[in-house]
Participant: 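Have a look at this one.
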2 protein chains.
Amino acid sequence: MRTASPKAPSESNLNTHLANSGLRLTPQRQRVHEVLREKMDHPTADQVFLRAKDKMPEISMATVYNCLDALVQCGLVRQVTLDRGATRYCPNMQDHSHFYCDNCGSVYDILQTISPEEADIKIPRGFRLDNIETNLHGLCPDCAAKAK
Amino acid sequence: MRTASPKAPSESNLNTHLANSGLRLTPQRQRVHEVLREKMDHPTADQVFLRAKDKMPEISMATVYNCLDALVQCGLVRQVTLDRGATRYCPNMQDHSHFYCDNCGSVYDILQTISPEEADIKIPRGFRLDNIETNLHGLCPDCAAKAK
DNA sequence: GCCTTGATTTAGAATAATTCTAAATCTTGA
DNA sequence: TCAAGATTTAGAATTATTCTAAATCAAGGC
Ligand SMILES: [Mn+2]
Ligand SMILES: [Mn+2]
Ligand SMILES: [Zn+2]
Ligand SMILES: [Zn+2]
């Protein structure tokens with residue numbers, strides 16, 4: 001009997017998180033997560049689908065949505081909704097906020113957040129505050145240059 | 001010749017803002033804004049449409065979208081996107097943030113924000129930061145009570 | 001190993017949300 | 001009064017997401 005093949009750290013991490021939510025590690029979920037890590041430009045479900053197909057031509061759109069939902073559910077991916085368009089996905093689970101270019105729609109990670117404590121937000125009695133989402137709006141370097 | 005009829009402050013405010021953006025004050029735009037002020041529960045375009053129809057049965061969905069866009073453009077209404085569902089609209093132009101119940105989807109105004117200064121956000125060179133959007137996630141009183 | 005059971009994937013249909021188009025209507029200002 | 005442009009409208013078109021039911025897959029019991 002062969003010993004279990006050593007797993008890449010990201011894969012075992014993936015498996016752990018999925019297992020904790022009662023979900024299985026499947027090639028599709030692996031591929032979707034890989035796509036997100038390859039280019040962290042906060043793609044939409046549709047973009048993930050197109051990129052995932054390169055190495056897995058038989059994957060379907062429904063599966064991409066399923067996988068994204070599974071990854072979000074088990075805490076490996078964040079959903080990012082910034083405008084009226086399609087939802088975007090982010091595999092960076094470090095505490096961070098998003099800079100959104102209101103002109104071209106590009107999204108950047110900003111490795112800085114505002115904690116509930118330092119924000120000193122006072123919410124009315126009865127509410128339960130779980131986390132604070134911060135979105136920075138403005139212009140990306142390209143658009144800012146053109147705007148002058 | 002009659003003197004101009006005195007306008008309600010909200011109407012003249014509406015007109016001023018629209019005019020500043022080169023837009024006209026129309027009954028439909030007035031009605032849409034009124035609907036938003038009547039019940040500040042952050043309705044979707046569809047909900048605005050249904051409510052607007054009560055007093056203006058001939059208004060169309062396209063017009064509701066047009067009016068909402070016009071009001072957003074001239075700074076009288078804020079767009080609020082919090083999840084994968086439809087965009088919501090808010091006529092409260094005071095600086096405030098939104099509490100979103102991740103369970104039932106209800107939205108509440110929280111009259112407190114984090115200014116770019118006190119947040120002390122450091123954005124990379126070249127970016128132009130215009131404003132910070134803060135969304136508080138958690139459970140509303142009803143859902144928090146049931147969650148126990 | 002073989003079978004049962006439940007999880008997952010899949011294609012495609014269905015639905016929801018938004019945008020587009022072109023014609024009709026309204027407003028403004030010459 | 002008229003021309004030009006803005007706005008509204010219905011409905012088509014598009015985009016985004018969810019649903020459905022059948023096929024496939026994987027794990028655990030025997
Ligand atoms: Mn991110
Ligand atoms: Mn609000
Ligand atoms: Zn940009
Ligand atoms: Zn709730």
Side-chain angles (χ1 to χ4, degrees), chain A residues 1 4-5 11 14-15 17-35 42-53 55-74 76-77 79-89 105, chain B residues 4 11 14-15 17-35 42-53 55-74 76-77 79-89 105:
Chain A
M1 189 233 242
S5 63
E11 182 187 333
L14 204 54
N15 191 21
H17 278 259
L18 286 165
N20 284 343
S21 297
L23 298 163
R24 291 184 192 155
L25 178 60
T26 66
Q28 289 86 349
R29 286 172 181 166
Q30 240 172 279
R31 178 72 186 125
V32 165
H33 195 240
E34 182 181 58
V35 163
H42 304 83
T44 63
D46 198 60
Q47 292 173 311
V48 172
F49 174 56
L50 292 175
R51 296 178 195 176
K53 278 209 291 196
K55 289 189 185 166
M56 191 179 265
E58 69 287 3
I59 197 170
S60 75
M61 191 67 213
T63 298
V64 168
Y65 271 106
N66 288 344
C67 290
L68 288 169
D69 287 348
L71 293 170
V72 167
Q73 203 195 318
C74 75
L76 282 166
V77 165
Q79 236 174 305
V80 183
T81 51
L82 290 162
D83 61 12
R84 217 148 60 173
T87 299
R88 294 149 166 278
Y89 296 86
Chain B
E11 182 186 333
L14 205 52
N15 191 21
H17 277 260
L18 286 164
N20 284 343
S21 297
L23 298 164
R24 293 182 191 155
L25 178 60
T26 66
Q28 289 85 350
R29 286 173 181 166
Q30 241 172 277
R31 177 72 185 124
V32 164
H33 195 239
E34 182 181 57
V35 163
H42 304 83
T44 62
D46 198 61
Q47 291 174 312
V48 172
F49 175 56
L50 293 175
R51 295 177 196 176
K53 278 209 291 195
K55 288 190 186 166
M56 192 179 264
E58 69 287 4
I59 196 169
S60 76
M61 191 69 213
T63 297
V64 168
Y65 270 106
N66 289 343
C67 291
L68 288 170
D69 286 348
L71 294 171
V72 167
Q73 203 195 316
C74 74
L76 281 166
V77 164
Q79 235 173 309
V80 182
T81 51
L82 290 162
D83 61 11
R84 216 145 64 172
T87 298
R88 293 148 167 278
Y89 296 87

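Model, not experiment: these values are computed from the prediction.
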Participant: Which heavy-atom pair separates A:Gln47 from A:Pro43 by the least distance, and what is that distance?
Facilitator: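 Looks like OE1-CA, 3.1 Å.
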
Participant: Tell me which pairs pass side-chain hydrogen bond (donor to acceptor under 3.5 Å, both in side chains) where either residue lies in residues 60-69 of chain A, with sequence neighbours left out.
Facilitator: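 Listed by first then second residue: A:Ser60-A:Thr63, A:Asp69-B:Arg84.
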
Participant: Should A:Leu23 and A:Leu71 count as side-chain neighbours, where that means a heavy-atom distance under 4.5 Å?
Facilitator: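 No. Closest side-chain heavy atoms not under 4.5 Å.
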
Participant: Looking only at side-chain N and O atoms, does B:Thr26 come under 4.0 Å of OP1 or OP2 in D:dT8?
Facilitator: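 Indeed, a polar side-chain atom of B:Thr26 lies that close.
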
Participant: What's the angle between the local helix axes at either end of the helix from C:dG1-D:dC30 to C:dA30-D:dT1, using five pairs per end and rounding to 10 degrees?
Facilitator: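 Comparing the axis at each end, I get an angle of 20°.
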
Participant: Whole angstroms only, please: what is the CG-P distance between A:Leu71 and C:dT8?
Facilitator: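 Checked: the CG to P distance equals 12 Å.
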
Participant: For D:dT9, does OP1 or OP2 lie under 4.0 Å from any side-chain N or O of B:Gln28?
Facilitator: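 True: B:Gln28 side-chain N/O within range (under 4.0 Å) of D:dT9 OP1/OP2.
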
Participant: Can you tell me how far C1' of C:dA14 sits from OH of A:Tyr65, to the nearest Å?
Facilitator: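 In whole Å, C:dA14 C1' lies 14 Å from A:Tyr65 OH.
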
Participant: Polar atoms only, N or O, under 3.5 Å: list the protein pairs with nucleotides 21-28 of chain C and their distances.
Facilitator:
{"unit_1": "C:dT27", "atom_1": "O4'", "unit_2": "B:Arg24", "atom_2": "NH1", "d": "3.4"}

Participant: Not counting sequence neighbours, which residues clear side chain to side chain contact (heavy atoms under 4.5 Å, CB included) with B:Val80? List them please.
Facilitator: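 With sequence neighbours excluded, B:Val80 shows a side chain to side chain contact (heavy atoms under 4.5 Å, CB included) to B:His42, B:Leu82, B:Arg88, B:Cys90, B:His98, given in chain and number order.
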
Participant: Taking the side chain of A:Leu23 as its heavy atoms from C-beta onward, which of C:dT8, D:dT7, C:dT9 lies nearest to it?
Facilitator: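 Nearest to the side chain of A:Leu23 among the choices is C:dT8.
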
Participant: Please work out which residues in residues 80-88 of chain A have a non-hydrogen atom less than 4.0 Å from an atom of DNA chain D and list them by number.
Facilitator: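 Correct list: A:Ala86, A:Thr87.
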
Participant: Using a 4.0 Å heavy-atom cut-off, does B:Asn66 contact any base of the nucleic acid, only the sugar-phosphate backbone, or nothing at all?
Facilitator: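 Base: the residue B:Asn66, judged by heavy atoms under 4.0 Å, touches a nucleobase.
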
Participant: Whole angstroms only, please: what is the CZ-P distance between A:Phe49 and C:dA11?
Facilitator: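 Taking CZ of A:Phe49 and P of C:dA11, I get 8 Å after rounding.
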
Participant: Quick check: on DNA chain D, is the nucleotide nearest B:Ile59 upstream (toward 5') of the one nearest A:Met61, or the reverse? Name the residue that is more 5'.
Facilitator: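 Upstream on the strand: B:Ile59.
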
Participant: Could you state the atom-to-atom distance from CG of A:Leu50 to C1' of D:dA16 in whole Å?
Facilitator: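 Computing the A:Leu50:CG to D:dA16:C1' distance gives 14 Å.
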
Participant: Would you say B:Arg29's side chain and B:Arg24's backbone share a donor-acceptor pair under 3.5 angstrom?
Facilitator: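 Flag set: sc B:Arg29 to bb B:Arg24 pair under 3.5 Å.
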
Participant: Starting from C1' on D:dT8, measure out to CG on B:Leu18 and report it in whole angstrom.
Facilitator: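 Whole-Å distance recorded here is 15 Å.
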
Participant: Heavy-atom distance under 4.5 Å between the side chains of B:Val64 and B:Gln28, does that happen here?
Facilitator: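 Side-chain contact under 4.5 Å: no.
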
Participant: As a test of reading the structure: which of C:dT10, D:dA10, D:dT7 is closest to the side chain of A:Ser60, going by heavy atoms?
Facilitator: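 Nucleotide nearest to A:Ser60's side chain: C:dT10.
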
Participant: Please identify each residue that fulfils side chain to side chain contact (heavy atoms under 4.5 Å, CB included) with B:Asp83, with sequence neighbours left out.
Facilitator: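 So B:Asp83 forms a side chain to side chain contact (heavy atoms under 4.5 Å, CB included) with B:Tyr100.
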
Participant: Provide, to the nearest angstrom, the distance between the CG atom belonging to A:Leu68 and the P atom belonging to D:dT17.
Facilitator: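 Going from A:Leu68 (CG) to D:dT17 (P), I get 10 Å.
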
Participant: For A:Glu34, which residues count as a side chain to side chain donor-acceptor pair (under 3.5 Å) partner, sequence neighbours excluded?
Facilitator: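 Here the qualifying residues are A:Arg31.
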
Participant: Name all residues meeting the ring-ring contact (aromatic ring centres under 6.0 Å, His included) criterion together with B:His33; count only those two or more places apart in sequence or in a different chain, and write none if there are none.
Facilitator: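 Expected list: none.
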
Participant: Provide, to the nearest angstrom, the distance between the CE atom belonging to B:Met56 and the P atom belonging to D:dT9.
Facilitator: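 After rounding, the reported distance stands at 7 Å.
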
Participant: Would you say C:dT10 has OP1 or OP2 under 4.0 Å from some side-chain N or O of A:Thr63?
Facilitator: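 Checking A:Thr63 against C:dT10: at least one side-chain N or O falls below 4.0 Å of OP1 or OP2.
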
Participant: A:Leu25 has an atom CG; how far is it from atom C1' of D:dA27, in whole Å?
Facilitator: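 Checked: the CG to C1' distance equals 14 Å.
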
